[in-house]
Amino acid sequence: MVRTPVTITTAVPKGFSFPATVNSHGWYDLPPFRSAEPYSELHALIPLPTRRTVDVRLTAGTVRLRIDIKQSGPLKKEEQDAIRSTVRSMLRLDEPLEEFYALCRREPHLRWVPKRGAGRILRAPTVFEDVVKMLFTTNCSWSLTRIQTTHLTRKLGTETAPGLFTFPHPSAIARMSDAWLRREISCGYRAPYLLALCRSIDSGRIDLEPLRSSEAPTEELYRTLRSIKGIGHYAAGNILKLLGRYDHLGIDSWVRSRFAEIHRNGRTVPDAAIERHYDRYGRWRGLVCLMEVTADWHA
DNA sequence: GCGTCCAGGTCTACC
DNA sequence: GGTAGACCTGGACGC
C-alpha cells in the first residue's frame with residue numbers, strides 16, 4: 001500500500017510533445033478534463049477497475065511524463081498501474097506513428113508535424129465518454145457542446161471533491177427520462193439518442209470499450225459506430241480517429257471552411273472534392289487532414 | 001428585454 | 001441513391 005499524495009511517472013516516446021497532444025482538439029476544454037494552461041498541464045479524473053476514481057495532474061518532461069495523483073485513501077500498486085495505463089491510452093503514448101511521420105517528412109508542408117511531435121489526439125479514459133462527447137458536438141456550437149458536457153457531469157456524475165464531478169456511468173444516464181435529459185442537460189433532440197445508447201450499454205446489447213483494441217477492419221468499426229442513433233458520417237469519422245483509425249476525414253463545417261482557405265483561396269468545394277484531395281495519403285488521410293486544418297494551433 | 005434569424009449534423013420520409 | 005425538411009439550442013442582431 002502507498003499513502004497519498006503520490007507521484008508516478010511513465011516514459012514518453014522520442015519526439016513526443018505534451019502540448020501538441022493536449023491541444024490536438026477541444027477535448028481538454030470539456031469536463032472532467034481541466035486545463036488552465038493546456039501547454040503545460042492537464043487535469044483528469046481517471047476511473048479505476050476497483051470503481052474508485054482518482055484526480056490526476058499531468059505534466060511532461062522530455063523523457064518522462066509526470067502523474068501527480070490527488071486522492072485521500074491508500075493507493076494499491078495495481079491501481080497505480082491502471083492509472084499509468086489509462087494515461088498512456090489517453091495521450092496515445094503507445095501508438096506507432098513512424099510510418100505517418102515518414103509520410104510527413106516526404107511532404108514539405110507536413111514536415112512540421114514530426115518536428116513538433118504532433119499527431120497524437122487526446123482521448124477520454126473511456127470510449128463511452130468519447131462517443132457521448134462527439135454526439136454533443138453534432139449540429140451545435142462549441143459553447144453548447146461545453147454546456148451539455150458540463151451539465152451531464154454535474155448532474156449525473158459523482159462528486160469526488162468540491163466542484164469536481166466524474167463523467168457519469170451509462171447506467172446513471174439510462175435511468176433518466178428523455179424529458180429530464182432535454183431539460184437538465186440541454187441536449188435537445190439528442191436526448192433520445194443518448195438514452196438509447198446508454199440503455200443499450202446498460203443492458204449489455206453493446207460494449208464500446210473493446211473497440212480501442214479491436215483488430216476488426218476499419219469499415220466494420222465504422223458500421224458499428226453508424227449503428228448508434230445520432231452518430232452520422234462526421235461523428236463516426238472522428239470517433240474512428242480516437243480509436244487510432246484515420247481512413248475517414250470526419251468533415252464538418254469547420255473543416256470545409258479551413259480546407260477552402262488552405263487549398264482553394266476561400267472557395268468552398270463539395271465534400272467529395274475534399275475526400276479526393278486526401279485519398280493519396282491512404283490510411284493516414286484523416287490524420288493528414290487534421291494536421292493541415294490545425295497547423296496554426298501548433299505554430 | 002424581447003423577438004427573429006442563423007448555424008450546426010443526423011434522421012426520416014419521399015421521390 | 002439523392003434530397004428536403006424537421007429536430008433544438010445558443011448567439012448575433014435589430015428594435
Side-chain angles (χ1 to χ4, degrees), chain A residues 25-31 121 123-124 127-156 168 170 173 176-201 205-206 208 211 218-243 245-262 264 266-279 285-286 289-290 292-294 297:
Chain A
H25 64 140
W27 258 209
Y28 74 83
D29 189 36
L30 300 177
I121 311 172
R123 60 188 179 189
V127 179
F128 170 68
E129 186 175 327
D130 279 336
V131 170
V132 171
K133 285 176 171 173
M134 200 63 75
L135 173 66
F136 284 172
T137 69
T138 58
N139 200 26
C140 66
S141 61
W142 185 253
S143 63
L144 182 54
T145 299
R146 200 190 288 121
I147 286 168
Q148 293 171 92
T149 310
T150 302
H151 286 173
L152 192 71
T153 52
R154 293 189 76 88
K155 296 186 178 181
L156 292 176
I173 303 171
M176 311 315 290
S177 69
D178 179 291
W180 189 91
L181 291 171
R182 286 174 189 261
R183 187 177 66 248
E184 301 294 329
I185 310 299
S186 306
C187 56
Y189 70 91
R190 300 168 199 81
Y193 303 152
L194 175 63
L195 208 46
L197 171 65
C198 293
R199 287 176 178 169
S200 292
I201 295 171
R205 284 198 298 277
I206 182 171
L208 296 174
L211 296 183
T218 300
E219 289 316 300
E220 191 178 319
L221 299 187
Y222 176 80
R223 283 194 297 275
T224 299
L225 293 170
R226 286 301 307 271
S227 72
I228 300 168
K229 281 278 175 62
I231 300 298
H233 188 55
Y234 146 82
N238 281 301
I239 294 168
L240 281 173
K241 291 178 192 168
L242 298 177
L243 297 176
R245 313 293 185 104
Y246 305 103
D247 311 62
H248 289 253
L249 301 185
I251 297 171
D252 62 2
S253 58
W254 184 74
V255 169
R256 285 183 201 104
S257 160
R258 289 288 295 136
F259 181 87
E261 287 173 29
I262 296 166
R264 297 290 191 274
R267 186 173 52 85
T268 54
V269 296
D271 286 0
I274 303 177
E275 299 274 0
R276 277 196 303 276
H277 176 90
Y278 290 103
D279 270 352
R285 62 177 82 94
C289 176
L290 181 68
E292 285 190 2
V293 300
T294 61
W297 299 359

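Quick note on labels: first sequence line is chain A, next is B, and so on, each numbered from 1. We use all heavy atoms of the structure for the numbers below, so side chains are in, but hydrogens, waters and symmetry mates are not.
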**Report entry** Donor-acceptor pair, side chain of R190(A) and main chain of N139(A), under 3.5 angstrom
**Finding:** yes
Query raised in the report: Which whole-number value in Å describes the distance from L144(A) CG to dC6(B) C1'?
Result: 14 Å
Query raised in the report: Taking L240(A) as the fixed residue, which of L225(A), L249(A), D247(A) is the one that meets the side chain to side chain contact (heavy atoms under 4.5 Å, CB included) rule?
Result: L225(A)
Report task. Could you identify which residues of residues 252-259 of chain A place a heavy atom less than 4.0 Å from some atom of DNA chain C, listed by residue number, or say none? Result -> none
Report task. Please check if the side chain of K133(A) supplies one atom and the backbone of P31(A) the other of a donor-acceptor pair under 3.5 Å. Result -> yes
Query raised in the report: Which whole-number value in Å describes the distance from Q148(A) CD to dG10(C) P?
Result: 9 Å
**Report entry** Residues E219(A) and R223(A) bridged, charged N to O under 4.0 Å
**Finding:** no
**Report entry** I147(A) CD1 - dT9(C) P separation (whole Å)
**Finding:** 11 Å
Query raised in the report: Of the options T137(A), T149(A), L152(A), which is the one that meets L30(A) in a side chain to side chain contact (heavy atoms under 4.5 Å, CB included)?
Result: T149(A)
Report task. Taking T138(A) for its side chain and M134(A) for its backbone only, find out whether a donor-acceptor pair lies under 3.5 Å. Result -> no
Query - Nucleic acid contacts of residues 128-135 of chain A, taken as heavy-atom distances under 4.0 Å to DNA chain B - result: none
Requested in this report: Give a yes/no answer on whether the side chain of S143(A) brings an N or O atom under 4.0 Å of OP1 or OP2 in dG11(C).
Outcome: yes
Query - Within 6.0 Å of NZ in K229(A), more than 12 heavy atoms from elsewhere - result: no
Query raised in the report: Under 3.5 Å, is there a donor-acceptor pair between the side chain of S257(A) and the main chain of S253(A)?
Result: no
**Report entry** Spatial distance of atom CD1 (I206(A)) from atom CG (L208(A)) [nearest 0.5 Å]
**Finding:** 4.5 Å
Query - Length of the CG-P vector between N139(A) and dC8(C), whole Å - result: 11 Å
Query - Note: R182(A)-D178(A) ion pair, threshold 4.0 Å (strictly below) - result: yes
Report task. Test side-chain contact (heavy atoms from CB on, under 4.5 Å) on H233(A) and R226(A) and set out the steps. Result -> CA-CA 7 Å; H233(A) 188 55; R226(A) 286 301 307 271; 3.9 Å; yes
Would you tabulate the nitrogen or oxygen pairs shorter than 3.5 Å linking the protein to nucleotides 10-14 of chain B?
unit_1  : atom_1 : unit_2  : atom_2 : d
dT10(B) : OP1    : G232(A) : N      : 2.9
dT10(B) : OP1    : A235(A) : N      : 2.9
dT10(B) : OP2    : H233(A) : N      : 3.3
dT10(B) : OP2    : Y234(A) : N      : 3.1
dC11(B) : OP1    : G230(A) : N      : 2.7
dT12(B) : OP1    : K229(A) : NZ     : 3.3

